[in-house]
Amino acid sequence: MAKPNTNIPASARKPEGTPGASDILDDLKTEVSVEAAPLMTFILTHARTIMISLAVFLILVAVGGGWRWYSGKSASESHTALSRVIMSTQGEEKAKALEALAAKNSGASRLAVLLELGNTWLSLGKYDKAAEAYKSLAKIDSEGVLGSMAALNEAGALGKAGKNAEALLVLEAIEPAMPENTRGPVRNMMAEAALAVGNTKQAADIFNTLSAAASGPEAEYYRYRAQSLEATSKASPEAPKDSPAPATNN
């Protein structure tokens, strides 16, 4: 029977006085106070599970950091692409490039592209297309300040396109959600849109509301507009009523 090899190299031998893993655990057990003994027992019993959980946590932290880095890198690339389009193109070529860029982007980058797209179409006199771009932006950022501004721009573009009834609907939808100190311009646009579609009474009522909320020359201006419209309405002859058809003798 072969004898076990007792000639273990000195470098591989455990140095005398060097504690092993079991010795360390035993020392920990003896040095822990009675109150902390249950906790130490739990830690020693579940040491493997704790280490695995810690490793998983570190992996998740690393993945999260990697995703934030990737998202930031993607956003930076999108902003670079937008800047390149703005600086190197113009006219309808610029608008087409922005449309393509908007289709490829999402989040804040897409909002910036849509705003620039709406402004570009507006400068080209393509009011319908400008309104569409602003509408898309307002829908995405429906709760944000940028979305509210886009909705106002949409209404303005619709008005320039001669679609005052549609503009009025947009303004009526967003006016209640606007802060009170910013409703003046919205209401003024509503009054002008109502007047454009022939709704004189609605326009006069809005101008009266604006006059009550304003002061000084601004209040006087709105009061004058309201009174002028009310006077015009009273002076306008009523539409002739249908007269009964004359009787005919058979």
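All residue numbers in this chain count up from 1 along the given sequence.
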Please name the pair of heavy atoms, one in A95 and one in L117, separated by the smallest distance, quoted to 0.1 Å.
O-CD1, 3.4 Å
Nearest heavy-atom neighbours spanning L229 and A204:
CD1-N, 3.8 Å
Could you check whether any side-chain heavy atom of T182 comes within less than 4.5 Å of a side-chain heavy atom of P179, counting everything from C-beta outward?
yes
Quick one: list whatever passes side chain to side chain contact (heavy atoms under 4.5 Å, CB included) with K139, sequence neighbours left out.
none
Could you tell me whether a side-chain N or O of N199 sits under 3.5 Å from a main-chain N or O of A194, the two making a donor and an acceptor?
no
Under 3.5 Å, side chain of T120 to main-chain N/O of E116, donor-acceptor pair present?
yes
Among all residues two or more places apart in sequence or in another chain, which pass the side chain to side chain contact (heavy atoms under 4.5 Å, CB included) test with S228?
Y224
Heavy-atom closest pair (A167 atom, A155 atom, distance to 0.1 Å) is CB-O, 3.4 Å
What distance separates L98 CG from L82 CG, expressed to the nearest 0.5 Å?
6.5 Å
When hydrophobic residues are tied together by side-chain contacts of less than 4.5 Å, even through go-betweens, does M149 share a cluster with M178?
no
Linking I/L/V/M/F/W/Y whenever their side-chain heavy atoms sit closer than 4.5 Å, directly or via other members, would I140 and L152 fall into one cluster?
no
If you compare all heavy atoms of A191 against all heavy atoms of A203, which two are closest, and at what distance to 0.1 Å?
O-CB, 3.5 Å
Would you call Y222 and I206 a side-chain contact if the rule is heavy atoms closer than 4.5 Å?
no
For residues 143-162, pull every pair meeting side chain to side chain donor-acceptor pair (under 3.5 Å), keeping only residues two or more places apart or in separate chains.
none
Looking at every heavy atom in both R183 and P176, which two are closest together, and how far apart are they?
NH2-O, 2.8 Å
For E175, the side chain to side chain donor-acceptor pair (under 3.5 Å) test, sequence neighbours excluded, returns R187
Salt bridge (charged side-chain N to carboxylate O under 4.0 Å, His left out) against R223, all qualifying residues, sequence neighbours excluded:
E220
Per the side chain to side chain donor-acceptor pair (under 3.5 Å) rule, what does the pair list look like for residues 128-137, sequence neighbours excluded?
N119-Y134, D128-K163
Distance in Å, L137 CG paired with L146 CG, rounded so as to fall on 0.5 Å steps:
4.5 Å
Could you check L168, V170, I174 and say which one makes a side-chain contact (heavy atoms from CB on, under 4.5 Å) with E172?
L168
Taking atom types as modelled and ignoring hydrogens, do the side chains of N208 and E230 form a donor-acceptor contact shorter than 3.5 angstrom?
yes
Which distance, rounded to the nearest 0.5 Å, do you find between the CG of L124 and the CD of Q90?
10.0 Å
For residues L169 and Y127: do they belong to one hydrophobic cluster (side chain heavy atoms under 4.5 Å, members Ile, Leu, Val, Met, Phe, Trp, Tyr)?
no
Measure the spacing between NZ of K104 and CD of E99 and express it to the nearest 0.5 Å.
13.0 Å
Among the clusters formed by ILVMFWY side chains lying less than 4.5 Å apart, do L122 and L158 turn up in the same one?
no
Judged by atom type as modelled, is there a donor-acceptor pair below 3.5 Å linking the side chain of R110 to the main-chain atoms of A102?
yes
Hey, quick one: are L210 and L171 part of the same hydrophobic cluster, counting side-chain heavy atoms closer than 4.5 Å, chains of contacts allowed?
yes
Distance in Å, L101 CG paired with K96 NZ, rounded so as to fall on 0.5 Å steps
15.0 Å
Any chance you could measure D205, atom CG, to M190, atom CE, to the nearest 0.5 Å?
10.5 Å
Short side-chain to backbone donor-acceptor contact, S88 and R84, under 3.5 Å:
yes
Identify the two heavy atoms, one from A138 and one from A151, that lie closest to each other, and give their separation to 0.1 Å.
CB-N, 3.9 Å
